[in-house]
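For reference, the structure is listed below as structure tokens.
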Amino acid sequence: MPELPEVEGFARYFAQHALRQPIVRVRVRDERILGVRKDVFSRALRGHAFERVQRHGKHLFADAGLTWLHLHFGMTGDLSYYTSSVNRHASSDDGSRMTDDEPRFARVIFDFANGNHLAFEDMRLFGVVDLTSSPDAYIAEHELGPDPLEITLAQFRAIVAKRRGAIKAFLMSQDVIAGIGNLYADETLFQTGLHPRHPVDRLSDAEVRAVYNAMRRILREVIRVRAKDGDWPARYLTMHREEGERCPKCGGTIQRTVVMSRTTYFCGNHQRL
DNA sequence: AGTACCACCTGACGGC
DNA sequence: TGCCGTCAGGTGGTAC
């Protein structure tokens, strides 16, 4: 699920737990998650400490002095900070795991000098863990667009003016704006009342402003509720992603279709072309 | 430039 | 119980 709001949550979690602790060991449980060679990765980080984190779109960066750690969470990425407990091998479950508390899908684990650990988990291995010289370098190299929470309405209008095609594709293109995925693209359009296939070059000024406002309001609201472990509000499309469901906004029927080869939900009544 | 399709992975779920 | 197809919130490459 990790889109911008979730990654913002990971950034705060990382900052809260894993800063300024010397990294005494780096354990790579599955090399397929790495974008660099394992020995290069470990050597670059061992003995250093993460000093600060930065998020851009769905990407998380942690300053490790000479280099930056870069994390992308794919579809199933997550972070877990935990304390090892030595003598709980005989407890409750089948006891087959080697380390207590180590998450089942931990792919990379940082061991800190204080005895605690930060694990990057990713069941499906679509995420990436690697190194970069700086967030800006990574952003330039991968041609990421601006973060939607960092741009003004005027900048957003300028970006819109350069594009054509379906509004949903526009919102999801990371080189246009970085951070919105399938879920929040649908949510933004649902709350704005626009059909996902509405061409961006046929949006009125008022509609462009409505998209900008909804997108930012949603991202910020979700950051806030998820920070408290809450659910999405019931008025969100996100809580009704199923064909035939009742639209919480107008009572219409939720439709399912495919846009940009992604499953798309929208209200057949208040989101018309 | 925009879109469609495949590939990369693993697990959950429904149907038979 | 088990096998099989389908689906899942992402991205990158290729091909129209």
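Residue numbers start from 1 in every chain, and the chains themselves are labelled A, B, ... in the order their sequence lines are given, proteins ahead of strands.
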Check: Parallel under 30°, tilted from 30 to 60°, perpendicular over 60°: which one fits the rings of A:His270 and A:Phe190?
Finding: perpendicular
Margin query: Just to verify, what does A:Glu8 make a side-chain contact (heavy atoms from CB on, under 4.5 Å) with, not counting sequence neighbours?
Written below: A:Arg12, A:Arg55, A:Ile223
Check: Do A:Thr76 and A:Phe105 have side chains that get closer than 4.5 Å, going by heavy atoms?
Finding: no
Notebook entry, point to check: Is there a side-chain contact between A:Asp231 and A:Met239 (heavy atoms, below 4.5 Å)?
Noted result: yes
Note to self: Please determine whether a side-chain nitrogen or oxygen atom of A:His72 lies at a distance below 4.0 Å from atom OP1 or OP2 of C:dG10.
What the structure shows: no
Checklist line | A:Arg163 vs A:Ser173, side chain to side chain donor-acceptor pair (under 3.5 Å): CA-CA, chis, key distance, verdict | finding: CA-CA 11 Å; A:Arg163 298 275 163 172; A:Ser173 297; 5.9 Å; no
Notebook entry, point to check: How about A:Asp186 and A:Lys168: do any of their side-chain heavy atoms sit closer than 4.5 Å?
Noted result: yes
Check: Is there a side-chain contact between A:Phe73 and A:Leu79 (heavy atoms, below 4.5 Å)?
Finding: yes
Notebook entry, point to check: Side-chain N or O of A:Arg256 less than 4.0 angstrom from OP1 or OP2 on C:dA8?
Noted result: yes
Notebook entry, point to check: Does A:His240 use its side chain to pair, donor to acceptor, with the backbone of A:Ala234 at less than 3.5 Å?
Noted result: yes
Notebook entry, point to check: Take atom CG in A:Leu66; do more than 12 heavy atoms of anything else shown fall under 6.0 Å from it?
Noted result: no
Note to self: At 4.0 Å (heavy atoms only), tell me whether A:Arg124 reaches a base, stays on the sugar-phosphate, or touches nothing.
What the structure shows: base
Check: Between A:Phe126 and C:dT11, do the rings stack, that is, sit under 5.5 Å apart with planes less than 30° off each other?
Finding: no
Check: How does DNA chain C read in dot-bracket, base by base from 5' to 3', with Watson-Crick or G-U pairs under 3.5 Å and | used when the partner is on another strand?
Finding: .|||||||.|||||||
Check: Taking only side-chain nitrogens and oxygens of A:Thr263, does any of them come within less than 4.0 Å of OP1 or OP2 of C:dA8?
Finding: yes
Notebook entry, point to check: Is any side-chain nitrogen or oxygen of A:Arg104 closer than 4.0 Å to OP1 or OP2 of B:dG11?
Noted result: yes
Notebook entry, point to check: Hey, does the side chain of A:Lys58 come within less than 4.0 Å of C:dT11's phosphate (OP1/OP2), counting only N and O?
Noted result: yes
Under 3.5 Å, which protein N or O atoms sit close to an N or O of nucleotides 12-16 of chain C? Give each pair with its distance.
none

Note to self: Under 3.5 Å, is there any donor-acceptor pair linking the side chain of A:Arg163 to the base of B:dA1?
What the structure shows: no
Check: OP1 or OP2 of B:dT10 less than 4.0 angstrom from a side-chain nitrogen or oxygen of A:Arg32, does that happen here?
Finding: yes
Next item on the list: Rounded to the nearest angstrom, tell me the gap between atom CE in A:Met75 and atom P in B:dG11.
Entry: 14 Å
